[in-house]
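Only heavy atoms go into these numbers, but all of them, side chains included; no hydrogens, no water, no symmetry mates. Residue numbering restarts at 1 for every chain, and letters A, B, ... go by the order of the sequence lines.
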Protein chains: 2
Amino acid sequence: MKEAKETILRQWSMLRKIPRHPGSVGTRELRDKLQDEGFLIDVRTIQRDLEKLSSLFPLSCETRGKANRWFWMEEATVMDLPGMEPATAVAFRLAEEYLAPLLPNATIRHLEPHFRRAREILKPERGTRLAVWPDKVQVIAGGPALTPPSVKPEVQEAVYRALLEDRQLVCTYRSKDAVQPKSYPINPLGLVFRDGVVYLVGTAKDYAEVRHFALHRMEAAMMLETPCRRPPGFNFQTYVKAEQLFAYPLSRGPIALELAFDKGAAVHLTERLLSKDQRVTQNHDGRVMVRATVKNTLELRWWLLGFCDKVEVLAPQALRDEFSAIAKRMAHRYGS
Amino acid sequence: MKEAKETILRQWSMLRKIPRHPGSVGTRELRDKLQDEGFLIDVRTIQRDLEKLSSLFPLSCETRGKANRWFWMEEATVMDLPGMEPATAVAFRLAEEYLAPLLPNATIRHLEPHFRRAREILKPERGTRLAVWPDKVQVIAGGPALTPPSVKPEVQEAVYRALLEDRQLVCTYRSKDAVQPKSYPINPLGLVFRDGVVYLVGTAKDYAEVRHFALHRMEAAMMLETPCRRPPGFNFQTYVKAEQLFAYPLSRGPIALELAFDKGAAVHLTERLLSKDQRVTQNHDGRVMVRATVKNTLELRWWLLGFCDKVEVLAPQALRDEFSAIAKRMAHRYGS
DNA sequence: CACCGATGCGACAAGTTCTGTCGCACGGCG
DNA sequence: CGCCGTGCGACAGAACTTGTCGCATCGGTG
């Protein structure tokens, strides 16, 4: 026997090395992994440990041929240490509500065990007289109520793996115009998340051209053994920054914004700052003047447009001209 | 000895009962808690367990007078079971990036240990040749780049606790107009999260009037022993739905939306559906017609306004009139 | 079809660990 | 000062752990 109290630590390590259901692990495999961590232990002991632990934890095994393969049951909630505190559980519930429209289902699915745990904690039956969550907390999400397109879990899994392990990927892709989906190998270079949509950035077959593949348009995907080939000199970060499609920022430097809000419309700004140097003053005509230095982005325009006629852009002149033009075109469109 | 293999389970339970640093727990306390779960165990054993476990886990104790008080070190990362898989770690990283502008710092703080764990998993040094996260994945958040106002962690903590335990709260509040903050008791009735701002809904002192207190305007907050008194017949859920300030939905039923997008502007819609029954057709004038049944919300208006002159609302007539009026007013504002 | 290697598992015995119990040492409090 | 609550060292018997064997199965291979 090497050391005292090895046991618990080893069992702990073992538990962490067992994957959740779709995956699984064999006993020898486990022994090797444990050996890497310095636990010199007999296979027999591992068998015994597994058997014992499976009566305490939601572990299960499946006999493939002769060998036993162990895994966590798929629906096992996360067991975390230190135990989740109510405040953390509340944070998780909030995260769940906020993220639902922002992340694809297949990604959310991975967080699900944590969300489940949070819900358990917030259940009122749990001794502590914690109130029922929805009776006390409400989320009013700001984003539009669009639902993100659904991505097949297997597809996302394959894409993630290929990307992280730097391998090629065979993919059945239904492109926007084509009715019939086509299969071909892709060299995955990076992932872009925008709103609820996920794009795989990569090159198809042997082409040098970098393309975007929306994950929800992939009917199937499978990682290959062949390593990913990347165009010489390609850098994902600079690519994303440079690429038109994803580039929202419109000019490099910040702009000195000057706005006049109708009374009442500017309440938001006293809650959420537009920038750190934001200054708010009352105008003589009753309107609220706001000055702030902000980034010149498309998002800024969307945000301003959301106030429609309740805000007037005073400066910079270029932005004012933009809005003036927009207003003219809109009026023309609906006019007479 | 009651049963075999009790030990690990008991130690596991014990670990979960120990709070993270600001909190702490004593040995007798632990014994009582464990007794509630059916572990009839001597205090001495608990002392021994703690000592042993503290050499394996980031546990620590602090001697207050004579008694030892145990806790998890504040910076301890979450240890979860089953161990976090790379795909889950990616999901957490995404969650982190998306939530930063949506949740107040004090709430995010509670998720931090999980985020930290995810970052650890995605570090490249971990044997597996997982690529460095930022080299492979980019998030382009859709929301505006406003930063949520910062909330003091102690304040949020106190508010959460008071709310969940149904107690009163003493609060030093700096109201919008007043320069000097004032202290008074509040009966907490519920929390509302909207964009990055958190509001406590409640009544002040003995008043019956229900008010909203923004958490970032609270300089201090402390839970009281006195139970929360709620206005007779008050129901948080119906209150939030009814209340003007928070009520975004504008009419009960859904509306049959009909839009004409300029060519190119409707690309989004082929990615993200507006509704399940959405139908997209090509018009003879080159524009893209979209028909969908959607909820009649303010958000819908914001979203449509974001397209400014690139979309025309055709139906329902009421909405078209709204937009027509908005366009006219905007043009007038910037006109001449 | 037989043989080989890999795997699982029951049994065993020696060695470790666990646990209730005592007794002693402190520190605070009345 | 004495009492109480707490921590902790020591002890012994019971319970548990673990390496080792040996046997039974299963799959694949020649």
Protein-nucleotide distance ([X], atom [atom1]; [N], atom [atom2]), rounded to Å:
{"X": "B:Leu40", "N": "C:dC18", "atom1": "CG", "atom2": "P", "value": "19 Å"}
{"X": "B:Glu51", "N": "D:dA10", "atom1": "CD", "atom2": "P", "value": "12 Å"}
{"X": "A:Arg31", "N": "C:dT7", "atom1": "CZ", "atom2": "P", "value": "9 Å"}

Identify which nucleotide among [options] has an atom closest to any side-chain atom of [X], counting heavy atoms from C-beta outward.
{"X": "B:Asp49", "options": "C:dT19, D:dT18, D:dT17", "value": "C:dT19"}
{"X": "A:Arg28", "options": "C:dT21, D:dG7, C:dG8", "value": "C:dG8"}
{"X": "B:Arg44", "options": "C:dT21, C:dG20, D:dT18", "value": "C:dT21"}
{"X": "A:Thr45", "options": "D:dT6, C:dG20, D:dG19", "value": "D:dG19"}
{"X": "B:Asp42", "options": "D:dG19, C:dC9, C:dG20", "value": "C:dG20"}
{"X": "B:Gln47", "options": "C:dG8, C:dC18, D:dG7", "value": "D:dG7"}
{"X": "B:Arg48", "options": "C:dG10, D:dG7, C:dG20", "value": "C:dG20"}
{"X": "B:Arg10", "options": "D:dG7, C:dT19, C:dC9", "value": "C:dT19"}

Handout entry: Ring centroid separation A:His114 to B:Phe92 under 6.0 Å
Key =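 Yes, ring centres under 6.0 Å apart.
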
When you measure from the side-chain N and O atoms of [X] to the phosphate of [N], is any distance below 4.0 Å, counting only OP1 and OP2?
{"X": "B:Thr7", "N": "C:dT19", "result": "yes"}
{"X": "A:Lys52", "N": "D:dC16", "result": "no"}
{"X": "A:Thr27", "N": "C:dG8", "result": "yes"}

Problem - Contact state string [nucleotides 23-30 of chain C, B base, S sugar-phosphate only, - no protein heavy atom under 4.0 Å] - result: ---BS---

Problem - Charged N-O contact under 4.0 Å between A:Glu29 and A:Lys17 - result: no

Handout entry: Passing candidate, side-chain contact (heavy atoms from CB on, under 4.5 Å) with A:Ile186, options A:Val159, A:Thr203, A:Val170, A:Leu200
Key =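 Only one of A:Val159, A:Thr203, A:Val170, A:Leu200 forms a side-chain contact (heavy atoms from CB on, under 4.5 Å) with A:Ile186, namely A:Leu200.
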
Exercise for the section: State the CG-CZ distance between A:Leu59 and A:Phe57, to the nearest 0.5 angstrom. Expected result: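 Reported to 0.5 Å precision, the distance equals 7.5 Å.
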
Exercise for the section: Measure the CG-CD distance between B:Asn187 and B:Gln168 for me, rounded to the nearest 0.5 Å. Expected result: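 One finds 4.5 Å between CG of B:Asn187 and CD of B:Gln168.
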
Exercise for the section: On the 0 to 90° scale, with breaks at 30° and 60°, tag the A:Tyr160-A:His110 ring pair as parallel, tilted or perpendicular. Expected result: parallel

Would you give me the side-chain donor-acceptor pairs under 3.5 Å for residues 19-27 of chain A, sequence neighbours excluded?
unit_1  : atom_1 : unit_2  : atom_2 : d
A:Arg20 : NH1    : A:Glu74 : O      : 2.9
A:Arg20 : NH1    : A:Ala76 : O      : 2.7
A:Arg20 : NH2    : A:Ala76 : O      : 3.2
A:Ser24 : OG     : A:Arg69 : NE     : 2.8
A:Ser24 : OG     : A:Arg69 : NH2    : 3.3

